[in-house]
Amino acid sequence: MVGKVVLVVAIYFLVVAGLHAVEGEVTCDQVVSNMTPCVTYLTSSGDSVPSDCCSGVNSLNNAATTTADKQAACKCLEQSASQLSDIDLEKARSLPGKCGVNLPYDISPTTDCSTIQ
């Protein structure tokens, strides 16, 4: 079942990435690629964050250096989070901290990405 969820999420992200242009250098494809290892953690009851998930969070943070990049990544995460009803939003919000990354925004469907600097 989890494998099907991951596949559906990956396909969804690829479709969204193809339909939504972003202004920054960071593309939705990159965001999806980096965050896909986190889907199982975000949709399950487990408490342990996989190392490949944290690697993706770190890679995304390192790639998004400009305001435009940060806003583009935020918009992609926001769109994705709003489409997936089974994501534990508290886990999503706490994910960067658990991976030792300080993102300038929450991973949430309600984040106002235009305010990110």
Just so I know, are the side chains of Leu77 and Leu60 near enough to count as touching, which here means a heavy-atom distance under 4.5 Å? yes
Could you tell me whether the SG atom of Cys74 lies less than 2.5 angstrom from the SG atom of Cys113? yes
Taking only residues two or more places apart in sequence, or in another chain, which ones meet Asp112 in a side chain to side chain donor-acceptor pair (under 3.5 Å)? Ser114
Do you know which two heavy atoms are closest between Ala63 and Asp69, and how far apart they sit? O-OD2, 3.5 Å
Counting N and O atoms only, with roles assigned by atom type, does the side chain of Asn61 sit under 3.5 Å from a partner on the main chain of Val57, one being a donor and the other an acceptor? no
Atom SG in Cys28, atom NZ in Lys75: separation rounded to 0.5 Å? 11.5 Å
Counting C-beta onward and ignoring hydrogens, is there a side-chain heavy-atom pair between Thr67 and Ile116 closer than 4.5 Å? no
With Ala92 via side-chain contact (heavy atoms from CB on, under 4.5 Å) - residues at least two apart: Leu42, Ile87, Ile107
Working to the nearest 0.5 angstrom, can you tell me the gap between Gln71 CD and Thr66 OG1? 8.5 Å
How many angstroms lie between atom CE of Met35 and atom OG of Ser59, to the nearest 0.5 angstrom? 11.0 Å
Spatial distance of atom CG (Asn58) from atom CG (Asn34) [nearest 0.5 Å]: 9.5 Å
Minimum heavy-atom separation for Val32 and Cys76, please, with both atom names. CG2-SG, 4.4 Å
Grab the two heavy atoms, one from Glu25 and one from Gln30, that are nearest each other, plus how far apart they are. O-OE1, 3.5 Å
Given Tyr41, which of Val49, Asp88, Asp47 fulfils the side-chain contact (heavy atoms from CB on, under 4.5 Å) condition? Val49
Sub-4.5 Å side-chain heavy-atom contact between Thr40 and Pro50: no
Determine, stepwise, if the pair Cys53 / Leu95 fulfils side chain to side chain contact (heavy atoms under 4.5 Å, CB included). CA-CA 9 Å; Cys53 171; Leu95 183 61; 3.7 Å; yes
Please find the pair of heavy atoms, one from Cys54 and one from Lys98, that lie closest to each other, and give the distance. SG-O, 4.3 Å
